[in-house]
**Q** 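One structure follows; several queries about it will come next.
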Amino acid sequence: MNTTTQIRAIPRHEATDEEWRAWADAYPAFASAGLRCVTMGPTTATFAFDGTPFPLNPNGAVNGGIVALAVDQIMGVMGARIAPTGSMPVTAALTVHYHAPAIEPLRMEATALHGGRTIQTIEVVVTDARGRRCSTATGTMSLGKLEQRIAPAVQA
């Protein structure tokens, strides 16, 4: 399934947390980023990073660019979860602070800090297997109508 098809299948805002978790796990870019949704709530979610084919840094840590890719995908899912039905967030700003090497396995906790009509703020905290904070990311998401954010449907 391509990303446009999966975006069109986005659950309604009122859908259950389980429906949102299943949707996130089925999203092609999400799985390609090595992510799996463990829990999903109305304003918080937990994700596992299962790794990608991209090589680890020489110190055994996940590359910072891959961490940024993962947290951006998570912010998109969390932003979609808190957005009104028929709208979709896109990343307007992303800041990642790296505190320590990100040694797998990683856990990523997302929290919607603010969810307005046009702007959302989401935080993702990345921890390693020992519970050590490796990174903290904050993102500003811009909301728009779903049909304005995706490619038009192709007529057969």
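Atoms considered below: every heavy atom in the structure, side chains included; atoms not considered: hydrogens, waters and symmetry mates.
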**Q** For the atom pair CE (M108) and SG (C134), what is the distance rounded to the nearest 0.5 Å?
**A**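 Rounded to the nearest 0.5 Å, the CE-SG separation comes to 8.5 Å.
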**Q** Are T121 and M141 close enough, and set up right, to give a side-chain contact (heavy atoms from CB on, under 4.5 Å), and what steps lead you there?
**A** CA-CA 6 Å; T121 304; M141 309 300 281; over 6 Å; no
**Q** Just how far is it from atom CD of Q120 to atom CE of M78, taken to the nearest 0.5 Å?
**A**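 Separation between the atoms: 9.0 Å.
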**Q** Do L56 and N63 touch side chain to side chain, with heavy atoms closer than 4.5 Å?
**A**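 They are not in contact (no side-chain heavy atoms under 4.5 Å apart), so the answer is no.
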**Q** Under the rule for side-chain hydrogen bond (donor to acceptor under 3.5 Å, both in side chains), what residues qualify as partners of E19, not counting sequence neighbours?
**A**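 E19 satisfies side-chain hydrogen bond (donor to acceptor under 3.5 Å, both in side chains) with T16 once adjacent residues are dropped.
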**Q** Measure the CZ-CG distance between F30 and L35 for me, rounded to the nearest 0.5 Å.
**A**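 Here the interatomic distance stands at 4.5 Å.
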**Q** Minimum heavy-atom separation for A9 to W23, with atom names?
**A**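 A9 and W23 have their closest heavy atoms at O-CD1, 3.6 Å.
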**Q** Is there a side-chain contact between T111 and I122 in this structure, where contact means two heavy atoms from C-beta onward sitting under 4.5 Å apart?
**A**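 A side-chain contact is absent here, since even the closest heavy-atom pair is not under 4.5 Å.
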**Q** On a heavy-atom basis, which atom in H13 and which in T85 lie closest, and how many Å separate them?
**A**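 Closest approach of H13 to T85, heavy atoms only: N-OG1, 2.7 Å.
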**Q** Kindly compute the distance separating OG1 (T127) from CZ (F49), expressed to the nearest 0.5 Å.
**A**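 Separation between the atoms: 13.0 Å.
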**Q** Hey, can you pull the donor-acceptor pairs under 3.5 Å for the side chains in residues 36-48, sequence neighbours left out?
**A**
unit_1, atom_1, unit_2, atom_2, d
R36, NE, D50, OD2, 3.1
R36, NH2, D50, OD1, 3.3
T39, OG1, T46, N, 3.3
T39, OG1, T46, OG1, 3.1
T46, OG1, E109, OE1, 2.9
T46, OG1, E109, OE2, 3.4

**Q** Please enumerate all residues that pass side-chain hydrogen bond (donor to acceptor under 3.5 Å, both in side chains) together with T52, with sequence neighbours excluded.
**A**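 Residues passing side-chain hydrogen bond (donor to acceptor under 3.5 Å, both in side chains) with T52: none at all.
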**Q** Return a table of donor-acceptor pairs under 3.5 angstrom between the side chains of residues 86-94 and protein atoms on other chains or two or more places apart.
**A**
unit_1, atom_1, unit_2, atom_2, d
S87, OG, P84, O, 2.6
T91, OG1, D72, OD1, 2.5

**Q** Has N57 got a side-chain atom pairing as donor or acceptor with N59's backbone, closer than 3.5 angstrom?
**A**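 Not confirmed, N57 side chain does not pair with N59 backbone.
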**Q** If you measure from the Lys or Arg side-chain nitrogens to the Asp or Glu carboxylate oxygens, is any gap between D128 and R133 under 4.0 Å?
**A**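 No.
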**Q** Applying side-chain hydrogen bond (donor to acceptor under 3.5 Å, both in side chains), name anything that partners T118, two or more places apart in sequence or on another chain.
**A**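 Counting only residues at least two positions away or on another chain, T118 forms no side-chain hydrogen bond (donor to acceptor under 3.5 Å, both in side chains).
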**Q** If I compare all heavy atoms of P101 with all of R132, which pair ends up nearest, and what's the gap?
**A**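 For P101 versus R132, the nearest heavy atoms are O-NH2, 3.0 Å.
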**Q** Show me the pairs that pass side chain to side chain donor-acceptor pair (under 3.5 Å) and involve residues 24-33, at least two apart or across chains.
**A**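 Listed once each, the pairs are R21-D25.
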**Q** Check whether any side-chain heavy atom of L143 sits under 4.5 Å from a side-chain heavy atom of I119, and report yes or no.
**A**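 Sidechains of I119 and L143: no contact.
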**Q** Taking atom types as modelled, is there a side-chain donor on H99 or T136 under 3.5 Å from an acceptor on the other?
**A**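 Yes - a donor-acceptor pair under 3.5 Å links their side chains.
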**Q** Considering all heavy atoms of both residues, which atom of V124 and which atom of A110 are nearest to each other, and what is their separation?
**A**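 Residues V124 and A110, closest heavy atoms: CG2-CB, 4.1 Å.
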**Q** Test of understanding: clusters of I, L, V, M, F, W, Y form through side-chain heavy atoms closer than 4.5 Å, transitively. Do V96 and V125 belong to the same one?
**A**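 No, it is not one cluster - the side chains of V96 and V125 are not joined through contacts under 4.5 Å.
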**Q** Does H97 reach the main-chain N or O of A137 with its side chain, forming a donor-acceptor pair under 3.5 Å?
**A**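 Not confirmed, H97 side chain does not pair with A137 backbone.
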**Q** Measure across Q73 and A29 and return the closest heavy-atom pair with its distance rounded to 0.1 Å.
**A**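 For Q73 and A29, the tightest heavy-atom pair comes out as OE1-CB, 3.6 Å.
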**Q** Backbone N or O of R12 within a donor-acceptor pair of the W20 side chain at under 3.5 Å?
**A**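 Pair found, side chain donor or acceptor close to backbone of R12.
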**Q** Using the rule that two of Ile, Leu, Val, Met, Phe, Trp, Tyr join whenever any of their side-chain heavy atoms come within less than 4.5 Å, decide whether F54 and V71 are in one cluster.
**A**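 In one cluster: yes.
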**Q** What pair of heavy atoms forms the shortest contact from S135 to Y98, and how long is it?
**A**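 Closest pair (atom of S135, atom of Y98, distance): OG-CD2, 3.4 Å.
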